[in-house]
Amino acid sequence: MKPLIIDTRNIEAYMPIVTAIEGICKAPTGQIVHVLMHDDVSFHELKRYLIARHIGFREIYDVDMVRIEFTQP
């Protein structure tokens, strides 16, 4: 199964976290999810969301973005 890629890098204001959560909620169980972000506030809020739900993830940092990868429980 190909990973689900949720790209929020071109989304304005508070919408990156909303877009990320909507995509995560639609992902089926067992789906590998990659969320691409460049907004620091949304990035930290997404991490808090995943931690609160006991979803393990990894962070991959690039020059102009960060990617969070996890498997949908």
Side-chain angles (χ1 to χ4, degrees):
M1 180 184 306
K2 290 178 68 173
L4 170 63
I5 298 174
I6 303 168
D7 189 348
T8 68
R9 293 175 292 174
N10 294 320
I11 308 296
E12 299 292 323
Y14 66 89
M15 292 304 290
I17 189 65
V18 172
T19 302
I21 301 276
E22 284 178 346
I24 291 166
C25 289
K26 292 177 183 177
T29 300
Q31 175 72 56
I32 296 171
V33 179
H34 296 188
V35 181
L36 310 177
M37 303 185 119
H38 65 55
D39 179 73
D40 287 340
V41 173
S42 294
F43 168 68
H44 291 291
E45 289 301 314
L46 179 58
K47 283 176 38 175
R48 289 179 55 201
Y49 173 84
L50 295 172
I51 290 168
R53 281 151 185 78
H54 307 288
I55 299 172
F57 60 90
R58 71 181 185 156
E59 306 165 35
I60 300 170
Y61 294 88
D62 200 347
V63 175
D64 63 343
M65 72 165 196
V66 65
R67 178 171 52 203
I68 295 180
E69 297 179 354
F70 62 94
T71 300
Q72 180 76 332

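Note that these values count all heavy atoms, side chains included, but never hydrogens, waters or copies made by symmetry.
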**OP:** Take Leu46 and Ile24 through the test side chain to side chain contact (heavy atoms under 4.5 Å, CB included) and record every step on the way to the result.
**Re:** CA-CA 10 Å; Leu46 179 58; Ile24 291 166; 3.6 Å; yes

Original post:
Is the CG atom of Asn10 crowded by more than 12 outside heavy atoms at less than 6.0 Å?
Top reply: no

**OP:** Heavy atoms only: give me the nearest Leu4-Ala27 pair and the separation to one decimal.
**Re:** CD2-CB, 3.8 Å

Original post:
Quick check: does any side chain N or O of Gln31 sit under 3.5 Å from a backbone N or O of Lys2, one acting as donor and the other as acceptor?
Top reply: yes

**OP:** Heavy atoms only: give me the nearest His34-Pro3 pair and the separation to one decimal.
**Re:** NE2-CB, 3.8 Å

**OP:** Verify the cluster assignment for Phe57 and Tyr49: are they in a single hydrophobic cluster under the rule of side-chain heavy atoms below 4.5 Å apart?
**Re:** yes

**OP:** Please round to the nearest 0.5 Å and tell me the distance separating atom CD1 of Ile5 and atom CZ of Arg67.
**Re:** 7.5 Å

Subject >> Results of side chain to side chain donor-acceptor pair (under 3.5 Å) for Arg53 - residues two or more places apart only >> reply: none

Subject >> Taking every non-hydrogen atom, the tightest pair across Ala20 and Val35 >> reply: CB-CG1, 3.9 Å

Subject >> Connected via hydrophobic side-chain network under 4.5 Å: Ile6 and Ile55 >> reply: yes

Subject >> Joint cluster assignment, Ile17 & Ile51, ILVMFWY side-chain distance < 4.5 Å >> reply: yes

Subject >> Criterion side chain to side chain contact (heavy atoms under 4.5 Å, CB included) on Met37 and Thr8, from CA distance to verdict >> reply: CA-CA 5 Å; Met37 303 185 119; Thr8 68; 3.3 Å; yes

Original post:
Taking atom CD of Glu69 and atom CZ of Arg58, what is their separation to the nearest 0.5 Å?
Top reply: 4.0 Å

Original post:
What's the spacing between Arg9 CZ and Thr19 OG1 if we round to 0.5 Å?
Top reply: 13.5 Å

Subject >> Closest non-hydrogen atom pair between Gly30 and Thr71, with its separation >> reply: O-CG2, 3.6 Å

Subject >> Intermediate values then yes/no, side chain to side chain contact (heavy atoms under 4.5 Å, CB included), Phe43 and Ile68 >> reply: CA-CA 9 Å; Phe43 168 68; Ile68 295 180; 3.5 Å; yes

Original post:
Is the count of non-hydrogen atoms from other residues, nucleotides or ligands lying under 6.0 Å from Lys26 atom NZ greater than 12?
Top reply: no

Original post:
In terms of hydrophobic clusters joined by side-chain contacts under 4.5 Å, are Val66 and Phe70 together?
Top reply: yes

